[in-house]
Participant: 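One structure, pasted below without further comment.
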Amino acid sequence: MTAPETLDQITTLIQEGEFFKLKKLLRSFQASELVELIENEDEREQLIIFRLLPLELATQVFEYLDLEVQRHFLENLAQDKVTDILNEMSPDDRTALLEFLPANFVAELVQNLSEPERRVTLQLLGYPEYSVGRLMTPDYIAIRENWNVQQVLDFVRQHGGQSETLNMLYVTDARGKLIDDIRIREFLLAAPTTRVRDIMDQRFVSLTAGQDQEEAIDVFRRNDRVALPVVSPDQGILLGIVTLDDILSIREEEDTEDIQKFGGSEALDEPYMTTPLLRLVQKRAGWLVVLFLGELLTASAMQFFEGELQKAIVLVQFIPLIISSGGNSGSQATSLIIRAMALGEFTLGEWWRVLRRELLGGIMLGLILGIVGFARIAIWQSITPIYGPHWLAVATTVGVALVGIVLWGSIAGSMLPLILRRLGLDPATSSAPFVATLVDVTGLIIYFSVALVMLRGTLL
């Protein structure tokens, strides 16, 4: 059955009041399928569908719903239903939800949690915002080094149902200090009498609770893990684990913020469709005003060279070409450098390597565009003599100017993100529109300066 047919069937059952049949139908879906179904329904139908789900399935679905939908459910479901779901949620997902809600609402929800869950939730909320501690879950399997494989597997069978993941097991001493982490496949392949200490290699990677979430993303990427332990910075006590699904969510948020900044606006705090229009305008207006004021410098540059423009009006025809070429080369360089920095492909100390590559690349790209520009003028001149008797000097001026402007755009677009990172600022703020505006102004200066040199004694 296709998705539209399923939606139609569910809508029909709701309209006819066939809730028993609907409840039976909903149990045949996976949690991910139900998430998609719910988010495609109207608010009234969303609540009806969710109320009919059994607690375990409802909790799984709730954890993957959009935060706005989660908030809608919390405000409209019965208090006991809300409490049951929050108690069943994994601590890290519950923390992410509570961070999104108003403080007074959070206090009420936390008060209704069971004592153990309330204690865990308050502990996680006590860590600094954007720290690894906020992502951490205390649901993991810890074992001892003197156990044998059979004891480990029996312990996993008995307690593994509450663990966030069973992919990794964590070896701790009597004080709770992390000694090692071991993949469960090692126990499945070992003899039952083998001791844990005989499997250990004591080579493990860990995070600290106060560590920045962006740093955690890099650690996960370098080590190819589905979960990493979180320890106290002083004694190495195992506090919890962070799983890959939480890291992917944070990475999505970071990428979204960078893309929005790169487009020339402030990052949105809420999804686009739920952001109030006035706030959306406010987020975009600031950068638009800054870029507009920057572009006014372009007009100032043209006024400065007004006399030359009156003498050689043919130069005006190529201003859009000049401006767009410099801005495009700068935007390309900015995009490549920001992404390379995000992936850790080079360090700030290697700026000279970046500069060297962009110098060579900018010259080659400029030569390519310069040849194309020269050829365009030559071809048009052979068809109709619109550029006059000095067309060769004009074509040469455009070609040489393009080399300089594309070279400058490449250098400016690559160095600006590095300078911002050195100053402790977000490189994404050197957005493509900002770089393009910078290169527009300076590009005109380069263009007219080249024209003064190349056309002196002919058109100027």
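Keep in mind the model is a prediction, meaning the values are calculated, not measured.
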Participant: Taking C-beta and beyond as the side chain, do Val205 and Leu228 meet within less than 4.5 Å on heavy atoms?
Facilitator: yes

Participant: From the options Asn167, Thr243, Asp181, select the one residue that forms a side chain to side chain donor-acceptor pair (under 3.5 Å) with Arg225.
Facilitator: Asp181

Participant: Could you report the tightest heavy-atom contact between Pro427 and Ile338, atom names first, then the distance?
Facilitator: O-CD1, 3.3 Å

Participant: Taking the six-membered ring for Trp, are Phe155 and Trp147 closer than 6.0 Å centroid to centroid?
Facilitator: yes

Participant: Check whether any side-chain N or O of Gln211 sits under 3.5 Å from a backbone N or O of Thr208 as a donor-acceptor pair, and report yes or no.
Facilitator: yes

Participant: So, taking the atom named CD in Glu164 and the one named CG in Leu166, what distance separates them when rounded to the nearest 0.5 Å?
Facilitator: 10.5 Å

Participant: Give a yes or no on whether the backbone of Ala191 and the side-chain of Thr194 come within a donor-acceptor separation of less than 3.5 Å.
Facilitator: yes

Participant: Do Asp218 and Arg221 make a side-chain contact, defined as non-hydrogen atoms from C-beta onward lying under 4.5 Å apart?
Facilitator: yes

Participant: Working to the nearest 0.5 angstrom, can you tell me the gap between Lys24 NZ and Leu13 CG?
Facilitator: 12.0 Å

Participant: Under 3.5 Å, is there a donor-acceptor pair linking the side chains of Ser90 and Asp93?
Facilitator: yes

Participant: Any donor-acceptor pair under 3.5 Å linking the side chain of Gln46 with the backbone of Ile38?
Facilitator: yes

Participant: Are the side chain of Asp180 and the backbone of Asp201 linked by a donor-acceptor contact shorter than 3.5 Å?
Facilitator: yes

Participant: Gln150 and Asp154: side-chain donor and acceptor closer than 3.5 Å?
Facilitator: yes

Participant: Report yes or no: does Ser325 contribute a side-chain atom to a donor-acceptor pair with the main-chain N or O of Ile322 at less than 3.5 Å?
Facilitator: no

Participant: Check the pair Asp84 / Lys81 against salt bridge (Lys or Arg N to Asp or Glu O under 4.0 Å), numbers first and verdict last.
Facilitator: CA-CA 5 Å; Asp84 289 341; Lys81 180 81 170 179; over 6 Å; no

Participant: Taking Glu117 first and then Arg94, would you say they form a salt bridge - that is, a charged N and a carboxylate O separated by under 4.0 Å?
Facilitator: yes

Participant: Under 3.5 Å, is there a donor on one side chain and an acceptor on the other for Ser114 and Asn87?
Facilitator: yes

Participant: Is a salt bridge present between Arg353 and Glu350, judged by a nitrogen-to-oxygen distance below 4.0 Å?
Facilitator: yes

Participant: Could you check whether any side-chain N or O of Gln202 sits under 3.5 Å from a backbone N or O of Ile179, counting only pairs where one atom can act as donor and the other as acceptor?
Facilitator: no

Participant: Are Asp246 and Ile250 packed together at the side-chain level, in the sense that at least one heavy-atom pair is separated by less than 4.5 angstrom?
Facilitator: no

Participant: Taking C-beta and beyond as the side chain, do Leu367 and Leu402 meet within less than 4.5 Å on heavy atoms?
Facilitator: no

Participant: Is Asn223 reaching over with its side chain to a backbone N or O of Val219, donor-acceptor style, under 3.5 angstrom?
Facilitator: yes

Participant: Measure the shortest side-chain to side-chain distance between Ile49 and Ile14 over non-hydrogen atoms and say whether it is less than 4.5 angstrom.
Facilitator: yes

Participant: Is Gln213 reaching over with its side chain to a backbone N or O of Ser131, donor-acceptor style, under 3.5 angstrom?
Facilitator: yes

Participant: Measure the shortest side-chain to side-chain distance between Asn148 and Val196 over non-hydrogen atoms and say whether it is less than 4.5 angstrom.
Facilitator: no

Participant: Between atom CG of Leu37 and atom CG of Leu26, what is the distance when rounded to the nearest 0.5 Å?
Facilitator: 8.0 Å

Participant: Quick one: do Arg134 and Glu99 make a salt bridge, cutoff under 4.0 Å?
Facilitator: yes

Participant: Could you please spell out the steps behind the side chain to side chain contact (heavy atoms under 4.5 Å, CB included) verdict for Glu254 and Glu214?
Facilitator: CA-CA 8 Å; Glu254 296 291 340; Glu214 288 194 34; 3.1 Å; yes

Participant: Is the backbone N or O of Leu113 less than 3.5 Å from a side-chain atom of Arg118, with the two atoms forming a donor-acceptor pair by type?
Facilitator: yes

Participant: Is there a salt bridge (Lys or Arg N to Asp or Glu O under 4.0 Å) between Asp42 and Arg44 once you walk through the steps?
Facilitator: CA-CA 6 Å; Asp42 294 331; Arg44 174 179 172 275; over 6 Å; no

Participant: Can you list every salt bridge (charged side-chain N to carboxylate O under 4.0 Å, His left out) pair that touches residues 63-77, not counting sequence neighbours?
Facilitator: Arg71-Glu75

Participant: Ignoring hydrogens and geometry, is there a side-chain-to-backbone donor-acceptor pair from Ser249 to Asp245 under 3.5 Å?
Facilitator: yes

Participant: Nearest 0.5 Å, please: how far is CZ in Arg183 from CG in Leu189?
Facilitator: 12.5 Å

Participant: Over 60° means perpendicular and under 30° means parallel, so classify the ring planes of Tyr140 and Tyr170, tilted if in between.
Facilitator: perpendicular

Participant: Quick one: CG on Leu52 to CZ on Arg27, what's the gap to the nearest 0.5 Å?
Facilitator: 9.5 Å

